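Here's the structure, in structure tokens; my notes come after.
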Amino acid sequence: MAALQPVRGTHDLIGEEARRHDHIVSTFKAVAHRYGFQDISTPIFEFSEVFHRTLGETSDVVSKETYTFTDRGGESLTLRPEMTAGIARAFISGGLAKDLPLKLCGHGPMFRYERPQKGRLRQFHQVDAEVLGVPEPQADIEVLALGADFLGALGLGSRVELKLNTLGDTDSRNNYRQALINYFSAYQDQLSEDSLKRLDRNPMRILDSKDEGDRKLVVDAPRLHDYLNEASRTFFDKVRRGLDALGIGYTLDERLVRGLDYYSHTAWEFVTTDLGAQGTVLGGGRYDGLIALMGGPQTAGIGFAAGIERLAMMIAPPVAPARAIAIVPIGEAAEVPALQIARRLRQAGYTVEQGYRGNVGKRLERASKHGARVALLLGDDEIAAGTVKCRDLDTRAETVVAIGQIESALADYR
RNA sequence: GCGGGCGUAGCUCAGUUGGUUAGAGCGCCAGAUUGUGGCUCUGGAGGUCGCGGGUUCGAGACCCGUCGCUCGCCCCA
């Protein structure tokens, strides 16, 4: 740490950047609440086992990207790389199984030790929605609709595309997985180095390889659709019919796979081409086996997470905060009365800024530069008369207002 | 973890085949204007040239390492 610089892959949020994040979170909350979701906030670290048992040892996220450390009590803890596992842990340890179904929304920082890139940080932020205890496809449709409405509310409806797939239930998925292993094993000498590793860890990943040679092999690889059992097929059909009925467009993408191991049935991503390599803006799926896997009661689950930094790069600049009223004391004697007036106005709900130094010209200059809408000038003459001079910074019009009536007199500038 | 590009003032950048006091625009501060802002004019502050080492009489420039950013791979939100 030679110079004082932020840790690699971390970012300070200030000004418009902070406003973009806030806007995304508050938009998400507003839409999710309309869908009947309630807020949840879980710790940013958990016992390491929470993630290792749930995300699967085969996932890169857990096997080589977590921030894991031993605390002073000797416990192995891990900074959360995603929200779902923590929520599932909270569900089990909090005995929430009594209240099903449960619809939860949250947001916050996540941590992954990756090589930073545009749209990929080591500390990044997500909004997250989960529905627990609904094995029916209605939940899939509702959660997908929530995602679509959220992105729509951010003004991104036309800039993202929904890609949809099913992974089938556990049986279907396992059968298909085995079929892929059988198929690709015959071509081990032709597979890329990366795909060779995927072959035993996560063979479905080979399907979306970008390697030329791999792609040729993929063309004739077994199709997932052929390995779906009746139940899986019916389930997916209902999801699709639901989306059609709601007018939510999507494209089927048989090669869409989730990165984390616990997913089954519906999987989806909202993607964009505007962000380069990090095109996925929201990703989700169903995870009916997760909670049981963690030692809880068999409970269906489905949810998604969206990357706030990625969305922040796409949305239009959020509206700036309310334009302030600037209070400009003139002369020593006005300093304290100015403070009193500022406080009264703030307590009455106005946004008030004060110039801290300089002559009237300087203070007005600063006020207009910071976007103030009106300046209240307070000097010896005004104090003697019990008034302030109210200067509209857009029109330059000045009026005299009695200090006693100042809250109501400024109503137009609230 | 792999490969490519880039780091000069708060910001955007210039800086000749290596040459002595490193520049511009914008921004910032002050004055012109001690009770009136945006324009204008004048002046000023601000730089370990990312950091460390090497080559050289001499390095912002060349070489090596390192840190950071960035694009792609991988992975994923």
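Predicted, not measured: the structure shown is a model, and the values here were computed from it. Chain letters run A, B, ... following the sequence lines, proteins first, then strands; residues in each count from 1.
Comparing B:A22 with B:A59, their P atoms sit 13 Å apart, to the nearest whole Å. Nucleotides B:C67 and B:C51 place their C1' atoms 7 Å apart, quoted to the nearest Å. Atom name P, nucleotides B:G46 and B:G5: the rounded distance is 37 Å, in whole Å. Remark: the separation of the C1' atoms in B:U56 and B:C62 is 10 Å, to the nearest Å. Going from the C1' atom of B:U12 to that of B:C76 covers 33 Å, rounded to whole Å. B:G47 and B:A9 have their C1' atoms separated by 6 Å, given to the nearest Å. B:G53 and B:C71 have their P atoms separated by 32 Å, given to the nearest Å. With P as the reference atom, B:G3 and B:G65 are 12 Å apart, rounded to whole Å.
When heavy atoms are screened at a 4.0 angstrom cut-off, A:A367 is found touching no nucleic acid atom at all. Using a 4.0 Å heavy-atom distance criterion, A:L393 is classed as a base contact. Note on A:G371: nothing from the nucleic acid sits closer than 4.0 angstrom, heavy atoms only. Looking at heavy-atom distances under 4.0 Å, A:D128 makes no contact with the nucleic acid at all. A:E309 comes within 4.0 angstrom of nothing in the nucleic acid, heavy atoms only. Among the heavy atoms of the strands, none lies under 4.0 Å from A:D211. Among the protein residues, A:E382 comes within range of the nucleic acid bases, having at least one heavy atom under 4.0 Å from a base atom.
Within the 4.0 Å cut-off from OP1 or OP2 of B:C28, at least one side-chain nitrogen or oxygen of A:K369 is found.
Look at CD1 on A:I14: it is 13 Å from P on B:C11, rounded to the nearest Å. Straight-line distance from the CD atom of A:E114 to the C1' atom of B:C71: 16 Å, rounded to whole Å.
Looking at which nucleotide of RNA chain B each of A:G279 and A:D392 is closest to, the 5′-most match is held by A:D392.
The number of heavy atoms from other shown groups lying within 6.0 Å of CD (A:E49) does not exceed 12. Applying the 6.0 Å contact sphere to OH of A:Y113 captures no more than 12 heavy atoms from other residues, nucleotides or ligands.
Side chain of A:K362, nearest nucleotide from B:C73, B:G37, B:A30: B:A30. Considering only the side chain of A:R310, B:A77 comes nearest among B:A77, B:C74, B:U36. Distances from the side chain of A:R120 to the nucleotides B:U70, B:U36, B:C74 place B:C74 closest.
For A:E65 against B:G1, no side-chain N or O and base N or O form a donor-acceptor pair under 3.5 Å. Residue side chain A:R391 does not reach the base of B:G35 through any donor-acceptor N/O pair under 3.5 Å, judged by distance alone.
The partner of B:C75, taking Watson-Crick or G-U wobble pairs whose two distances both stay under 3.5 Å, does not exist in any strand shown.
Using a cutoff of 4.0 Å between basic side-chain nitrogens and carboxylate oxygens, A:R19 and A:E16 are not scored as salt-bridged.
Within the 4.5 Å cutoff, the side chain of A:H125 has no heavy atoms near those of the A:H11 side chain.
Under a cutoff of 6.0 Å and an axis angle of 45°, A:R286 and A:Y263 do not form a cation-pi pair.
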